[in-house]
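Everything below concerns the one structure shown next.
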Amino acid sequence: MAPHSSPRPARRPLTPAPFVLRLCLHLLMAGLLVLAAVRAHSAAGTMAAAVTGAVYAAGSYLPPVRTSRRAAAVWLGVLGASWLAMLWLTPEALWVAFPLYFLQLHLLPVRWSLPAVALTAGAAILSYVGHGAALNPGVFIGPLLGAAVAVATVLGYQALYRESERRRRLIEELIGARAELAAAERHAGTLAERERLAREIHDTLAQGLSSIQLLLRAAERALPPDSPAAGHIERARRAAQDNLAEARRFVRALTPSDLEHGSLAAALERLCEPGAGPYGSEAGAYGSEAGPRVRFSVSGTPVELPTPYEVALLRIAQSALANTVRHASASRAEITLSFMDASVTLDVVDDGEGFEPGSVRPSSEGGFGLPAMRARAESLGGTFTVESAPGQGTAVAVSLPLSPEDRSPTAGGTA
């Protein structure tokens with residue numbers, strides 16, 4: 001077929017149907033030009049047919065005609081001028097109008113191609129009459145019917161092509177979205193498994209080794225100073241201590257990336273920085289013009305917390321801030337991490353629109369809604385409360401119990 005009418009960054013290979021159509025158009029143009037040259041009654045008519053064929057062939061192979069609409073229009077104008085000269089010299093040039101219709105419709109915008117087709121049909125009719133042919137309905141019907149068929153064919157093909165391209169892009173977007181969703185699900189599954197393993201190691205292996213160490217220490221104190229078992233107990237206590245440290249290193253390796261390079265307080269402070277999203281990278285910045293200004297503060301004397309506590313508090317803070325950005329239309333929010341004698345408490349307060357807590361239903365979008373935050377806190381023996389009212393902002397508080405062992409300098413910060 002004719003060269004493409006608009007530039008494209010990267011041309012895809014022709015599918016069989018367009019290739020066949022283009023080849024058919026080339027053959028049709030070549031056959032009609034040969035017929036006109038053979039049946040021309042003068043050498044000038046034959047020469048005009050040869051010139052028209054040369055112009056057509058040049059345009060089919062010149063790269064600018066293939067990539068530039070302007071170059072294609074210029075080439076089409078030269079081709080039309082050579083055809084008009086041929087039409088002036090021989091009436092057989094009338095039949096070349098039919099492939100010209102397709103070229104004009106394919107290369108020119110609709111607002112120019114339709115007038116060009118009408119002018120071409122009119123020139124063909126006038127030439128036929130000018131060469132002495134008798135006036136009859138066929139003189140008008142032939143060129144006009146050919147023009148109508150060309151218009152219907154090309155415009156219909158272009159509409160089908162646009163629909164096909166739209167569907168192709170939609171399929172590519174769906175495939176890309178499916179791949180992204182699968183990757184996100186794998187990542188979420190990996191994080192969930194890491195957190196589960198960290199919790200299991202902390203709640204079973206690390207706690208058991210810690211208990212063994214305390215029992216051995218008590219047994220060591222109860223033995224007489226010269227007891228032969230004292231050395232065995234000391235070695236057993238040190239082995240338990242070494243294995244407890246190893247278990248804590250395992251848990252540290254399974255800690256979420258937000259907690260890998262610092263404490264819970266540092267992770268929460270990073271969460272409040274401009275540009276941080278509810279999961280560290282999601283758009284919708286906190287502390288910027290796109291979201292509420294968020295302030296973080298610590299109350300009490302910070303102590304190392306068990307990894308499940310740190311993970312739960314971080315995830316609840318992320319989820320609460322995500323709700324604030326998406327639903328509360330708040331201008332300010334504050335996160336407070338409080339260390340008390342028997343508990344650690346996280347408060348997330350905003351000055352947003354508020355809501356009726358009793359009307360909340362589980363989120364249909366997945367993620368951590370209020371029910372999921374409550375379940376996470378209660379799974380660790382803590383409490384979760386929400387205070388809100390329409391127009392009065394929202395306060396989310398989670399409190400987790402601390403045992404004397406949790407508050408010790410070496411307790412569970414990584415176990």
#### Entry: Criterion side-chain contact (heavy atoms from CB on, under 4.5 Å) on Leu321 and Ile335, from CA distance to verdict
CA-CA 9 Å; Leu321 279 183; Ile335 301 177; 3.5 Å; yes

### Verdict with supporting geometry, Tyr309 and Leu346, side-chain contact (heavy atoms from CB on, under 4.5 Å)
CA-CA 11 Å; Tyr309 278 31; Leu346 177 74; over 6 Å; no

### Query
What's the verdict on side-chain contact (heavy atoms from CB on, under 4.5 Å) for Met373 and Asn323, showing C-alpha distance, side-chain angles and the deciding distance?
CA-CA 12 Å; Met373 285 189 272; Asn323 288 341; 3.7 Å; yes

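Here CZ of Phe339 is found 8.0 Å from CG of Leu402. Values are rounded to the nearest 0.5 Å. Atom CG in Asp347 sits 9.0 Å away from atom CD in Glu387 (nearest 0.5 Å). Note: Phe296 CZ to Arg270 CZ = 10.5 Å, rounded to the nearest 0.5 Å. Rounded to the nearest 0.5 Å, atoms CG (Leu84) and CG (Leu79) are 9.5 Å apart. Annotation: the span from Leu313 atom CG to Arg376 atom CZ amounts to 9.5 Å, rounded to 0.5 Å. Remark: Glu180 CD to Ile175 CD1 distance equals 12.5 Å, nearest 0.5 Å.
Looking at Arg237, its side chain never comes within 3.5 Å of a backbone N or O of Leu216 through a donor-acceptor pair. The backbone N or O of Ala320 sits less than 3.5 Å from a side-chain atom of Thr324, completing a donor-acceptor pair. Of the possible donor and acceptor atoms, none in the side chain of Ser343 sits under 3.5 Å from a partner among the backbone N and O of Leu400. Although no hydrogens or angles enter the test, the distance criterion places no donor-acceptor pair under 3.5 Å between the side chain of Thr394 and the main chain of Ser388.
Of all the heavy atoms in Ala333 and Pro292, the pair that sits closest is N-CB, 4.4 Å. Nearest heavy-atom pair, Glu310 versus Leu305, reported as atom, atom and distance to 0.1 Å: CG-CB, 3.9 Å. Pro390 and Glu356 get closest at one heavy-atom pair: CD-OE2, 3.5 Å. In this structure, Gly381 and Pro401 approach most closely via the heavy-atom pair O-CD, 3.6 Å. Considering all non-hydrogen atoms of both residues, Ala267 and Leu314 come closest at CB-CD1, 4.1 Å. The two residues Thr383 and Ala377 make their nearest non-hydrogen contact at O-CB, 4.2 Å.
Checked by atom type, the side-chain pair Gln318/Arg315 shows a donor-acceptor distance below 3.5 Å.
Salt bridge annotation for Arg162-Glu165: absent, with no cationic side-chain nitrogen under 4.0 angstrom from a carboxylate oxygen. A salt bridge is defined here as a Lys NZ or Arg NE, NH1 or NH2 lying under 4.0 Å from an Asp or Glu carboxylate O, and Arg169 with Glu173 fails to meet this definition.
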